[in-house]
Amino acid sequence: MKYIFELNHPKHYYQFKYIMQMLRNDGHEVKVLARDKDVLLNILREEGVEYEIFGLHKKNLRDKILGTPQLLLNYWKIARQWRPNVIVSKASFYGSFIARLIGAKAVIFPDSEVVKVTNRYVVPLASMVITPGTFGLDYGKKHRRIKGLFEDCYLAPSIFTPDTSIVQQYGLRKPYAILRFVGWYANHDVNNNGLSLEEKKQLIAAIEPYMQVYISSEKPLPDDLKQYQLPTPAAAIHSVLSGADLYLGDSQTMAAEAALLGTPAIRSNSFVGPNDMTNFKVLEQQYGLLHNVRHFADVMPLLTDMAKHSRKAEWVTRRQSYFQTVGDTNTDITRMLENL
């Protein structure tokens, strides 16, 4: 069969990386479509992945809406020529809509129950919906569930081995903390927010007495924070996270990644609360791998304590316990795609 994999975020590539390899090994054809988002294209180039761009990422809602017809036209031209049997995406309206137009099947992988666009517009177009087993919504006969989380696809100990030479190669000073700040440009980020600039500066001041601070930021850093810019290439981020003694940020993805790499992690943004996404609740409540904190006032005492008293060994043990409970996620998903 012929598969298109649509990538709109670095995580999408990592999540599908080994699944695409397994499909190719089984004799299927795979084509990668990508949008110019964050550092996605840099990662694809660094890893030698062939891809085709179907559009550019727009940051504000108006430009997103105005740019949609051109994105769909570009996508349709590529898909019509290549004729895939299946279009796979994280939860893309573009891919699911184009699949309907050309008579292909659409498979999506939502893991955030709160994304209204997915639930209202994308799920009805999809042929199959694959989610973590703990996902809080039920999509009926088309719904398939896996053990564990999608991050297991690329962070399981059987798959990922950190490159410990990264620390020395790029002059990282240990112990160190990684701070991740996102741009809040995505569709699902509307009416939500993360850390303010003043709060980011307070975090740095609280951590610095105990460890070195490095920042990964979706937005350009102001001049007075550029000294903290993480110097490593984008493709090395998981090795960097694995070697860190502390993670804190307003990112969704990197918080889960840090937790599953055995790095003490704090996530703080307006999504946190009773209606938060299930995967973050599970990481905190069931496995003790993540602290979800909504209000900045509650972040500071927790952060200071975790910076002062290392929890790294404790988190590594919890990570081991987590991965003992999940199966081979990549194989499970590949079989679902092949048997669609």
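From a predicted model like this one, the values you see are computed outputs, not experimental measurements.
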When hydrophobic residues are tied together by side-chain contacts of less than 4.5 Å, even through go-betweens, does Val316 share a cluster with Leu246? no
So, for Phe109 and Phe16, is the gap between ring centers shorter than 6.0 Å? yes
Below 4.5 Å, heavy atoms only, C-beta onward: do Thr118 and Val123 meet side chain to side chain? yes
May I have the step-by-step check of side-chain contact (heavy atoms from CB on, under 4.5 Å) for Leu179 and Tyr247, ending in yes or no? CA-CA 6 Å; Leu179 304 186; Tyr247 165 86; over 6 Å; no
Of all residues at least two apart in sequence or in a different chain, which pass the side chain to side chain contact (heavy atoms under 4.5 Å, CB included) check with Tyr121? Phe93, Val117
Note, Asn8 side chain near Leu40 side chain (heavy atom, < 4.5 Å): no
Any side-chain heavy atom of Phe181 within less than 4.5 Å of one from Glu218? no
By the ring-ring contact (aromatic ring centres under 6.0 Å, His included) test, which pairs, at least two apart or in different chains, include something from residues 221-244? Tyr14-His238, Tyr154-His238
Ignoring hydrogens and geometry beyond distance, is a side-chain donor-acceptor pair present between Asn25 and Gln21 at under 3.5 Å? no
Connected via hydrophobic side-chain network under 4.5 Å: Leu125 and Ile98: yes
Would you mind writing out the side-chain donor-acceptor pairs for residues 43-56 within the sub-3.5 Å range, not counting sequence neighbours?
residue : atom : partner : partner atom : Å
Arg45   : NH1  : Tyr51   : OH           : 3.1
Arg45   : NH2  : Asn42   : OD1          : 2.7
Glu46   : OE1  : Ala235  : N            : 3.2
Glu47   : OE1  : Tyr13   : OH           : 2.6
Glu47   : OE1  : Lys17   : NZ           : 3.0
Glu52   : OE1  : Lys31   : NZ           : 3.0

Donor-acceptor pair, distance only, cut-off 3.5 Å: does the side chain of Arg144 make one with the backbone of Ile130? no
Do the side chains of Met277 and Val272 join up, straight or via other hydrophobic residues, at under 4.5 Å, putting them in one cluster? no
Tell me if a side-chain donor or acceptor on Asp250 pairs with a main-chain N or O of Gly194 at a distance below 3.5 Å. no
Would you please name every residue forming a side chain to side chain contact (heavy atoms under 4.5 Å, CB included) with Thr164, sequence neighbours left out? none
Is any side-chain heavy atom of Met128 closer than 4.5 Å to a side-chain heavy atom of Ile108? no
Given 3.5 Å as the limit, does a donor-acceptor pair link the side chain of Lys105 with the main chain of Ile87, or not? no
Before accepting this row, confirm whether a basic side-chain N of the pair Asp245/Arg311 lies closer than 4.0 Å to the acidic partner's carboxylate O. no
Check whether Asn85 reaches the backbone of Lys2 with its side chain - one donor and one acceptor, N or O, closer than 3.5 Å. yes
Enumerate, atom names and distances included, each donor-acceptor pair closer than 3.5 Å involving a side-chain atom of residues 282-291, sequence neighbours excluded.
residue : atom : partner : partner atom : Å
Glu284  : OE1  : Asn292  : ND2          : 3.2
Glu284  : OE2  : Asn292  : N            : 3.2
Tyr287  : OH   : Thr325  : OG1          : 3.3

Taking the six-membered ring of Phe280, is NZ or CZ of Arg267 closer than 6.0 Å to its centre and within 45° of its axis? yes
Flag, side chain of Tyr3 to backbone of Leu337, donor-acceptor distance under 3.5 Å: yes
For a 4.5 angstrom cut-off between non-hydrogen side-chain atoms, does Tyr214 reach Val240? no
Are more than 12 heavy atoms from other residues, nucleotides or ligands located less than 6.0 Å from atom NZ of Lys116? no
When you check the gap from the basic side-chain N to the acidic O, do Asp305 and Lys308 get nearer than 4.0 Å? no
Can Val88 be reached from Met22 by stepping across I, L, V, M, F, W or Y side chains whose heavy atoms are under 4.5 Å apart? no
Is Arg335 salt-bridged to Glu338, going by a charged N under 4.0 Å from an acidic O? yes
If you look only at distance, which donor and acceptor atoms sit under 3.5 Å apart when one is on a side chain in residues 133-141 and the other is two or more places apart or in another chain?
residue : atom : partner : partner atom : Å
Asp138  : OD1  : Gly140  : N            : 2.9
Tyr139  : OH   : Asn119  : OD1          : 2.5

What one should report as the nearest heavy-atom pair of Lys226 and Leu221 is CE-O, 3.3 Å
Is there a donor-acceptor pair closer than 3.5 Å between any side-chain N or O of Asn339 and the backbone N or O of Met336? no
For the student: nearest non-hydrogen atoms of Cys153 and Ile159, plus distance: O-CD1, 3.4 Å
Hey, are Lys11 and Asp111 close enough for a salt bridge, meaning a charged N less than 4.0 Å from a carboxylate O? yes
Would you say Ile78 and Phe97 are hydrophobically clustered, going by side-chain heavy atoms of ILVMFWY under 4.5 Å? yes
Charged N to carboxylate O below 4.0 Å: is that the case for Lys147 and Asp332? no
